[in-house]
Engineer: 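I have a structure I would like to understand better, so I am pasting it below and will then ask my questions one at a time.
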Amino acid sequence: MLFAEAQGSGGGGYTSLLFIVGIFALIYFMMIRPQQRRRREVQNMQSAMGIGDEIITVGGLYGTIRSIDEDSVLLEIAPGVTARYAKAAIGKVNQKAVSDDAVDDDATETEDDETPAPGTTPKSVD
């Protein structure tokens, strides 16, 4: 009779093992994977930073990047005031710097769109 009871309780071991595996799978998908994704996004953001970008540090300080080293960035936090911060302290790139090509394109478009002042003769178009 004791032998029969021991065989009947053997199925409970598999369900408890399956339950424990399920808990670990839930923890992995709910906590570990999202954390890895966030870490990858931060690394991509920090590697894509460039000179002239406006950023916010993890402490809430706004600044503009003036130079970048391997481990640190030089931020201009006020006109003429600079401070060196670790790249890991950059929390968010607030605004990317405008490239020189985009500035040149905007300048040529505005020159072409100029209208003559009142009382002057328009320029001739050849």
Engineer: With ILVMFWY side chains joined below 4.5 Å, transitively, what does Tyr28's cluster contain besides itself?
Structural biologist: Phe29, Ile32

Engineer: Linking I/L/V/M/F/W/Y whenever their side-chain heavy atoms sit closer than 4.5 Å, directly or via other members, would Val81 and Ile55 fall into one cluster?
Structural biologist: yes

Engineer: For Met49 and Ile68, which heavy atoms make the closest approach, and how far apart are they?
Structural biologist: O-CD1, 3.5 Å

Engineer: Going by the side-chain hydrogen bond (donor to acceptor under 3.5 Å, both in side chains) test, which pairs reach into residues 34-46, not counting sequence neighbours?
Structural biologist: none

Engineer: Could you work out the complete set of other residues in the hydrophobic cluster of Tyr62, with links drawn between I, L, V, M, F, W and Y side chains under 4.5 Å apart?
Structural biologist: Ile56

Engineer: Clusters formed by hydrophobic residues whose side-chain heavy atoms approach within less than 4.5 Å: which one holds Leu74, and what are its other members?
Structural biologist: none

Engineer: Can you tell me how far the NZ atom of Lys92 sits from the CG atom of Asp53, to the nearest 0.5 Å?
Structural biologist: 13.0 Å

Engineer: Could you tell me which residues satisfy side-chain hydrogen bond (donor to acceptor under 3.5 Å, both in side chains) with Arg84, sequence neighbours excluded, listed by chain and number?
Structural biologist: Asp69, Ser72

Engineer: Decide yes or no for Val58 and Ile90: does some side-chain heavy atom of the first lie under 4.5 Å from some side-chain heavy atom of the second?
Structural biologist: no

Engineer: Partners of Glu54 by salt bridge (charged side-chain N to carboxylate O under 4.0 Å, His left out), sequence neighbours excluded?
Structural biologist: none

Engineer: Let me see the working for Leu26 and Met31 under side chain to side chain contact (heavy atoms under 4.5 Å, CB included), right down to the final yes or no.
Structural biologist: CA-CA 8 Å; Leu26 182 68; Met31 296 175 67; over 6 Å; no

Engineer: Consider side-chain contact (heavy atoms from CB on, under 4.5 Å). Of Thr64, Thr82, Thr57, which one does Leu75 pass it with?
Structural biologist: Thr57

Engineer: Can you find a heavy atom in the side chain of Glu70 that is under 4.5 Å from one in the side chain of Lys87?
Structural biologist: no

Engineer: Say you draw a straight line from CD1 of Ile20 to CD1 of Ile23; how long is it, rounded to the nearest 0.5 Å?
Structural biologist: 9.0 Å

Engineer: Quick check on the hydrophobic clustering: are Leu61 and Ile65 connected, directly or via other members, by side-chain heavy-atom contacts under 4.5 Å?
Structural biologist: yes

